[in-house]
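Just below is one structure, and these are the notes that go with it.
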Amino acid sequence: MSRISYVNGHYVPHHAASVHIEDRGYQFSDGVYEVVSIHMGKPIDMDSHMVRLTRSLEELEIAWPVCLRAMDMIIREVIRRNRIRDGIVYMQITRGVATRNHAFPDHHNSAFVVTAKRLPPFDFDAANKGVNIITTPEIRWQRCDIKTISLLGNCLAKEKARRAGCYEAWFVEDDGMITEGTTSNSWIVTANGELVTRDVSNTILNGITRLSIMKVAKENNIEFSQRAFSLEEAKSAKEAFISSTTSFVKPVLNIDDKPVGDGKVGPLSAKLLSYYGDHMKAQLA
Ligand code: PLP
């Protein structure tokens, strides 16, 4: 079965899906995106992703390509046409096609693309495998809170991690504080047992998985703090993990080749992954 993608009003074979060379996404990375996971045919936390997408569009003054209801129908249609039971759906909106000029065009013809991809179904044991990460200087811009397709800093750092044989890189600011990963939010359980993730500001993306973890933590009476934490604190932590739509809750075993705690998957990370799995299952009804 061939993949089908949606491009500006048309459902087309994925291999033939293309946009104009003067699309501002292509020329200026002038666009936003969302990735939603699909679990047993259901998009997970769809409403939260749409809230964030709305914010991203508003912050960049990019017009909606279609209304929210139509967007929801298109996304579900792409999932249906690709017969995705488990996987992800990707949506991208750019400021559209215009003769190259940094200032915004006069029109509001945003471009809209949706793709979907199958992935193995969520499996606790597979997800609960720990990974190693490196750290790297924070070199990104000052609006990391917007989910923009402008991801070069993230790409450079992810490639650095890959070359080091690692899964992820955590960005570290000049003052030694960690912001987030290249495609995930960062969490630690400090030496004193405090569950910590960075508070929301322009320095991080407010991950939907991050929000869901905070929700399940609250429901299960697990206390947490939202505050900045340092690399030093992370290196002496009992546990560390990352969170994202595609990695769920992923334990971190080593940071810069140094074991976190005993270098094994921590109990709180495993518990939160399990609660996150329940959170996904609860949306199937
Ligand atoms: N931070 C960055 C930079 C990301 O790219 C992502 C996801 O792609 C996240 C955090 C996690 O966000 P979410 O949980 O919504 O996937």
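Atoms within each ligand, like the ligands themselves, are counted from 1 in listed order. Worth saying up front: this structure is predicted, and the values here are computed from it rather than measured.
Atom 7 (C) of ligand 1 has as its closest protein heavy atom T183 O, 3.3 Å. Among all non-hydrogen protein atoms, the one lying nearest atom 14 (O) of ligand 1 is T209 OG1, 2.6 Å. Of all protein heavy atoms, the one lying nearest to atom 1 (N) of ligand 1 is E180 OE1, 2.7 Å.
Salt bridge present: E194 and R227 bring a charged side-chain N and a carboxylate O closer than 4.0 Å.
Counting only heavy atoms from C-beta outward, the side chains of R198 and E180 never approach each other to under 4.5 Å.
Atom CG of L205 is separated from atom SG of C144 by 8.5 Å, given to the nearest 0.5 angstrom. Atom OH of Y11 is separated from atom CZ of R81 by 6.0 Å, given to the nearest 0.5 angstrom.
Within the listing of ligand 1, atoms 3 (C), 5 (O) sit less than 4.0 angstrom from a heavy atom of T182. In summary, the atoms of ligand 1 found under 4.0 Å from a heavy atom of N154, numbered by their order in the structure, are 3 (C). In summary, the atoms of ligand 1 found under 4.0 Å from a heavy atom of N185, numbered by their order in the structure, are 10 (C), 11 (C). Heavy-atom contacts of G181 reach the following atoms of ligand 1: 3 (C) (cutoff under 4.0 Å). Below 4.0 Å from some heavy atom of T245 lie the following atoms of ligand 1, by number and element: 13 (P), 14 (O), 15 (O), 16 (O). Taking every heavy atom of G207 and a limit of under 4.0 angstrom, the matching atoms of ligand 1 come to 12 (O), 13 (P), 14 (O), 15 (O). Atoms of ligand 1 lying under 4.0 Å from at least one heavy atom of K147, given by number and element, are 7 (C), 8 (O).
Aromatic ring pairs are classed by plane angle as parallel below 30°, tilted from 30° to 60° and perpendicular above 60°; the pair Y276 and F248 is tilted.
For R52, the heavy-atom gap to ligand 1 drops under 4.0 angstrom. Within the structure, the closest approach of L211 to ligand 1 does not fall below 4.0 Å when heavy atoms are considered.
Between atom 15 (O) of ligand 1 and the options L205, I242, I208, the minimum heavy-atom separation is to I208.
Heavy atoms of L151 found under 4.0 angstrom from ligand 1: none, in either backbone or side chain. Contacts of S184 with ligand 1, taken as heavy-atom pairs under 4.0 Å, involve the backbone alone.
Relative to the six-membered ring of Y167, K158 meets both conditions, a distance below 6.0 Å and an angle of at most 45° to the axis.
Side-chain polar atoms of K250 and S184 form no donor-acceptor pair below 3.5 angstrom.
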